[in-house]
2 protein chains.
Amino acid sequence: MARSGSKSSLLEFAVLGLLHDAPMHGYELRKRLNGVLGTFHAISYGSLYPCLRTLESAGLIAAAGPASSEGPALSGKRARIVYELTADGKDRFAELVAETGPETWDDDAFGIRFAFFSSADADVRRHILEGRRSRLEERLSTLRASLRSTRERLDNYTLELQRHGLESVEREVRWIDGLIAGEDGAARPRTPRSNSEVSTMTGSDRPGSTHR
Amino acid sequence: MARSGSKSSLLEFAVLGLLHDAPMHGYELRKRLNGVLGTFHAISYGSLYPCLRTLESAGLIAAAGPASSEGPALSGKRARIVYELTADGKDRFAELVAETGPETWDDDAFGIRFAFFSSADADVRRHILEGRRSRLEERLSTLRASLRSTRERLDNYTLELQRHGLESVEREVRWIDGLIAGEDGAARPRTPRSNSEVSTMTGSDRPGSTHR
DNA sequence: GTTAGCATGTAAGGAGTTACATGATTTT
DNA sequence: AAAATCATGTAACTCCTTACATGCTAAC
């Protein structure tokens with residue numbers, strides 16, 4: 001069971017990541033998700049609950065009986081279902097967190113992986129950051145080439161949009177560079193030293209799309 | 001026929017917009033699309049061709065006989081199908097271009113509309129730019145609130161991601177402000193005066209997500 | 001003569017959304 | 001007693017992607 005190989009969307013990754021910190025029920029999970037996934041990009045119950053069921057039948061998460069805490073008996077609101085990671089679920093999350101392949105350079109995948117970066121080893125972080133960087137460099141050269149070749153034929157707005165996108169990517173490269181430098185500087189420690197040092201040293205741009 | 005009310009995805013909008021400039025066949029359309037839609041966010045044939053058929057049966061586009069130009073007889077490569085806008089298609093595009101409602105403030109919708117901004121009236125442009133701005137302001141206050149409330153509980157990476165997203169949105173606001181100023185400055189003329197003036201006056205950030 | 005690029009298409013399916021259905025509990 | 005918020009869930013549908021199937025022409 002809990003064999004790897006399944007598709008495991010970003011949503012599954014995020015759910016496992018959040019439940020890794022603490023058991024939670026769906027409604028709460030959804031709110032946190034919107035924080036982790038970028039605030040906008042709100043995910044709906046229509047995808048969350050089915051996802052929870054999938055994870056449960058895959059044996060990665062399990063409904064916890066409203067065991068210890070939780071006020072007076074089970075007089076709480078409604079029959080809310082608190083999920084927690086199983087041992088298999090923890091394994092799976094660890095597996096996902098350790099991935100460094102090209103899948104992890106994508107806008108969305110990178111964003112979510114970054115959000116759980118502190119669960120990853122320093123070398124995994126390095127690898128992902130560098131992969132992301134190279135992905136952005138590719139983008140830059142495509143964009144620059146396309147700008148050069150179509151410059152004269154495009155109207156001003158289209159041009160401005162392109163230019164804008166280009167600067168945006170350039171900015172993200174600088175951001176990533178700052179993060180890589182921060183990883184180097186802080187050497188091995190589990191958490192990079194005070195992130196404000198890392199973060200204020202460069203301009204920035206959001207990594208995930210939204211986009212998206 | 002060609003009644004409004006249909007959903008008309010962003011793809012349909014983009015196709016209509018491109019065909020508005022010049023008749024084209026699918027293969028070429030697809031390449032241009034990747035320029036207009038942000039270079040990445042490549043759209044696949046699996047969605048383009050069905051879309052073309054939909055538009056055709058809706059009477060918005062029509063296959064043009066390989067009429068005049070086009071080299072020696074029809075000895076060209078393969079039986080390529082050149083589409084052009086019908087009168088209904090032109091109407092529909094004009095209708096879409098004139099929309100200024102909340103749908104048009106979304107990341108993706110805004111990006112594509114901006115790409116065809118020169119087909120829109122000055123007041124439509126104003127309206128969309130201001131709507132987009134207010135949408136971004138909303139986002140900013142949500143983000144700032146969420147940062148304030150969760151500051152201490154979040155690990156450094158999550159925090160950095162949030163901070164980064166925040167700056168990104170702030171940057172886009174400044175970009176939009178610059179564009180609005182440019183629209184004001186150039187007053188009525190169909191094209192805003194030399195866009196380099198508009199564009200170099202502010203920092204920037206990409207508007208569409210592409211993701212998104 | 002085989003690879004690369006042009007050109008069009010289809011079938012299956014993934015990932016998510018909206019809108020609906022239900023019901024309890026807290027606030028106004 | 002009505003409205004908001006908590007809480008879970010389902011069904012239908014949208015939009016897009018991947019992978020496949022086809023075949024032609026140009027270059028190596």
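In what follows, chains are A, B, ... by sequence order, proteins preceding strands, each numbered from 1. Because only heavy atoms are used, hydrogens play no part in the values below, and waters and symmetry mates are left out as well, while side chains stay in.
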[X] [atom1] to [N] [atom2]: how many Å, rounded?
X      : N      : atom1 : atom2 : answer
B/Y83  : C/dA7  : OH    : P     : 14 Å
A/E12  : C/dG14 : CD    : P     : 12 Å
B/Y45  : D/dA19 : OH    : P     : 16 Å
B/D107 : C/dT17 : CG    : P     : 14 Å
B/D106 : C/dT18 : CG    : C1'   : 15 Å
B/I43  : D/dT18 : CD1   : P     : 11 Å
B/Y49  : C/dA7  : OH    : P     : 8 Å
B/M24  : C/dC6  : CE    : P     : 16 Å

NA contact type, A/G26, heavy-atom cut-off 4.0 Å: base, sugar-phosphate, or nothing?
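Answer is sugar-phosphate: A/G26 comes under 4.0 Å of backbone atoms only.
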Ignoring the backbone of [X], work out which of [options] is nearest its side chain.
X     : options               : result
B/I81 : D/dA7, C/dT8, C/dG16  : C/dT8
B/Y27 : D/dT8, C/dC6, C/dG9   : C/dC6
A/S44 : C/dT17, C/dA7, D/dT17 : C/dT17

Return the orientation label for the B/Y157 and A/F117 ring planes: parallel under 30°, perpendicular over 60°, tilted otherwise.
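It falls in the perpendicular class, over 60°.
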Are B/E95 and B/R92 close enough for a salt bridge, meaning some N to O gap below 4.0 Å?
yes
Distance-only polar pair, side chains of B/E130 and B/W105, donor-acceptor under 3.5 Å:
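Checked: B/E130/B/W105 side chains show no N/O donor-acceptor pair below 3.5 Å.
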Below 4.0 angstrom from OP1 or OP2 of C/dT8, is there any side-chain N or O of B/R30?
no
Is B/S47 close enough to D/dC15 that one of its side-chain N or O atoms is under 4.0 Å from OP1 or OP2 there?
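No, because none of the side-chain N or O atoms of B/S47 sits under 4.0 Å from OP1 or OP2 of D/dC15.
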Can you tell which of B/R135, B/R113, B/R132 makes a side-chain contact (heavy atoms from CB on, under 4.5 Å) with B/T104?
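Running side-chain contact (heavy atoms from CB on, under 4.5 Å) over B/R135, B/R113, B/R132 with B/T104 returns exactly one hit, B/R113.
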